[in-house]
Amino acid sequence: MARTVQLWRDEAPPAPMLATPCELDALNLDNSSMLYEQKFDGIRAIVIVEPAHPSARVRLLSRNGNDKATQFPEIVRALRELAAQLSGTVILDGEVVALDARGQPASFTALQSRMHLKGAMDIDARSATVPTALVVFDLLREGVEDLRPLPLAARRARLEYLLHVRTSERLREGLYVAGHGRNVLAQAKREGWEGLIVKDADAPYLSGVRSRTWRKVKLHKTATLVIGGWTDPKGTRSGFGALMVGRFTDARGKPARPAKGSDATLCYAGNVGGGFSDAAISDLLLRLRPLARTTSPFVDAPRARGQHWVDPRLLCEVRFSEWTPEGRLRHPVFLGLRDDVGPDAVDPTGRDGSPSRPAQQPRPRATMRESSLEGAGVDMDASERRPYLPITAIVEQLQLLEDAGRDGSLTLPDGVLEVTNPKKVFWPASGLTKGNLLRYYARISPWLLPVIADRPLVMKRYPNGVLGKAFYQQRAPDTVPAGVNVQVVEGDEDDDGPMPRLIGGSLLTLLYVAQLGAISLDPWFSRAASPAAADFVAIDLDPMPGVPFAQVRDVARWVREALVMLDVPAALKTSGSSGLHIYIPLAEGTSYQSGQLLCQIIATAVASQHPKVATVERAVARRGRTVYVDYLQNIEGKTLACAYSARASQFAGVSTPLQWDELDQDIRPEDFTLENAFTRFETTGDLWNPILRGTPVDLRAVIGRLGG
DNA sequence: GCGATTT
DNA sequence: AAATCGCAACGCCCT
DNA sequence: AGGGCG
């Protein structure tokens with residue numbers, strides 16, 4: 001029966017077809033109508049090649065449709081050679097891979113160094129040291145013809161014919177084997193492939209669909225493990241031989257978080273001796289030596305000569321083939337340090353394929369934006385992998401700029417930021433500089449970014465430090481660095497029309513506002529996408545001049561008592577200036593007005609019970625020497641400095657989350673500064689995000705209790 | 001801090 | 001070329 | 001309606 005030719009009619013570039021993840025045991029290895037391919041560890045690309053006439057054009061589109069052509073000029077050159085021999089447009093599906101010294105596809109980590117580069121010079125420099133190639137495995141369009149309805153086997157045949165004698169070092173055809181699954185799997189294990197792709201030879205190409213006619217199975221596992229020590233080098237190796245790594249587990253042997261006071265213990269998981277470059281070894285030793293201690297942090301590590309122990313604080317990513325029955329890593333390879341997360345913020349159980357992923361949030365509030373290049377909602381393979389641009393590397397860049405006292409550019413995972421005057425003193429009392437501010441924000445970003453994600457930011461800018469003249473700025477600058485998040489909130493206009501605002505959530509945007517001299521971070525209580533719905537409300541305890549801080553703590557305790565009575569959860573933090581903030585998470589979609597009503601009731605009650613200490617009086621002159629209990633900030637567009645924000649206070653305060661029982665200790669706002677707050681954060685862990693993501697208040701229930 | 005405007 | 005300027009806005013409470 | 005407040 002003659003098959004009519006389907007004409008290509010889409011205007012938009014096609015989205016790639018995706019494979020369904022599959023366990024190895026569930027894989028069909030005995031079906032001769034399956035095609036088996038090597039799974040590559042690179043960047044998926046839809047490639048559109050238009051012929052030289054009328055004008056050659058090559059596009060290299062990522063899963064999200066971003067054109068990566070400028071980042072891989074050597075591949076584009078190869079594709080242009082192909083274009084010269086074409087008479088019609090072709091669309092290919094493939095994977096950009098890094099090549100190792102032998103010209104074989106290498107690991108994703110090699111590619112990562114290429115992914116963020118913007119400048120032509122950088123790209124040229126890297127293309128010499130990290131060559132790349134395009135591995136093509138499907139043909140979607142040839143001339144006017146849409147091949148996607150054809151069976152895969154037919155498309156592969158057409159692809160083979162098209163690329164015949166046209167492949168090169170840079171442009172390769174992905175190999176496949178029809179049937180013989182067991183043999184392919186054996187080869188894959190022998191050669192250490194990342195994984196296998198298994199495709200139904202009869203299936204059409206379904207753009208943008210994760211189909212079960214394509215399966216992917218991982219042969220490697222990945223885990224995040226805690227470094228507990230290292231061993232002496234042997235032979236020609238310098239620095240260390242291997243890292244000794246482990247996992248925190250609780251009394252029942254389940255993976256656990258090393259929370260303060262818990263009985264979590266560190267279980268030895270083996271030595272990791274492969275995957276290090278010389279540079280990585282010396283860098284690691286630099287970080288490990290300061291953590292050295294004399295006793296083993298492991299409960300169960302075998303003793304041997306040449307072992308050195310460290311405090312179990314550093315986390316690393318390890319790729320390995322499987323867990324041995326004794327709970328040790330088989331074939332472990334070091335991938336990198338996990339210092340892109342805050343102290344203790346990680347899931348120490350790692351992502352090793354075991355069913356230990358924490359349950360999903362009940363709703364999508366304030367979760368950290370995927371910082372991956374490809375953005376959110378992409379194929380798991382890439383989104384699981386953070387770009388390896390460790391926070392420490394960013395802090396080092398900043399330190400270099402500040403030491404040199406020079407302006408310069410800062411390379412971040414999501415863009416490039418020009419930094420000026422890193423040595424300018426922002427806090428004369430302590431001599432802290434703009435560079436100190438930028439470094440602090442870079443370090444705290446894993447905890448801070450979720451707090452401001454998707455929220456419009458009001459800037460109060462201090463370009464000349466905390467003693468200089470300050471001004472507010474709501475409207476985003478006309479031009480911002482590429483990658484900085486600017487959005488218009490629905491219905492938000494002023495005389496100049498729609499109001500573009502800076503939206504928090506990315507490291508680039510965070511450091512950009514700091515570069516502009518915005519010392520504190522002041523996010524809305526609602527998110528840009530739903531401006532009328534407050535995610536939380538706050539009560540601001542602000543002592544009048546001369547009021548001892550002990551009284552502020554008293555008022556906070558009374559507020560807390562009222563909240564506990566109503567069964568309302570709340571979070572406490574210093575404002576970073578002179579007072580305290582109490583935040584109350586709200587159920588989804590709660591209006592500002594009803595949230596504010598709750599605060600008003602509590603504030604008024606406390607003030608009337610303790611009139612000498614607390615007041616809700618708006619007129620400053622009539623407040624006396626009391627603590628002002630301000631419930632008025634709970635209005636759309638109003639802000640408070642957020643948790644982990646620096647402040648323009650004389651002492652360079654940081655808004656520091658507190659535990660309620662700390663109100664009984666003699667703590668003061670001045671105890672937590674830009675210089676020392678991080679030390680505390682390392683020991684307390686992230687006190688803020690868990691509470692604000694915890695069970696929110698359903699106001700109807702509270703009002704029910706109020707009514708009695 | 002920075003771009004636009006005024007001197 | 002140098003100096004200067006603008007960079008927020010509005011809902012609430014009390015009078 | 002106007003002023004102070006944040």
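Chain letters run A, B, ... following the sequence lines, proteins first and then strands; every chain starts at 1. Small disclaimer: the values here were computed from a predicted structure and weren't measured.
- Straight-line distance from the CG atom of A/Asn464 to the C1' atom of C/dC5: 14 Å, rounded to whole Å.
- Nucleic acid contact for A/Lys424: sugar-phosphate only, since backbone atoms but no base atoms lie under 4.0 Å from a heavy atom of the residue.
- Considering only side-chain N and O atoms, A/Asn421 lies under 4.0 angstrom from the phosphate OP1 or OP2 of B/dG1.
- Separating the P atom of B/dC2 from that of C/dA9 is a span of 22 Å, rounded to the nearest Å.
- At least one donor-acceptor pair closer than 3.5 Å links the side chain of A/Arg623 to the backbone N or O of A/Glu617.
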Reading nucleotides 6-15 of chain C 5' to 3', which nucleotides get B (base under 4.0 Å from a protein heavy atom), which S (sugar-phosphate only), which -? -BBS-BBSSS
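- In this structure, the side chains of A/Leu580 and A/Phe549 come closer than 4.5 Å at one or more pairs of heavy atoms.
- Spacing of P atoms, C/dA8 relative to D/dC5, comes out at 23 Å, to the nearest Å.
- Nucleotides B/dG1 and C/dC10 have their C1' atoms positioned 27 Å apart, rounded to a whole Å.
- Here A/Thr420 reaches the OP1 or OP2 of B/dC2: one of its side-chain N or O atoms lies under 4.0 Å away.
- For A/Asp666, the CG atom sits in a packed shell: over 12 heavy atoms of surrounding residues, nucleotides or ligands are nearer than 6.0 Å.
- Heavy atoms of A/Lys434 sit under 4.0 angstrom from primed sugar atoms or phosphate atoms, though from no base atom.
- The pair A/Asp664-A/Arg553 fails the salt-bridge criterion, with no side-chain N (NZ, NE, NH1 or NH2) lying under 4.0 Å from an Asp/Glu carboxylate O.
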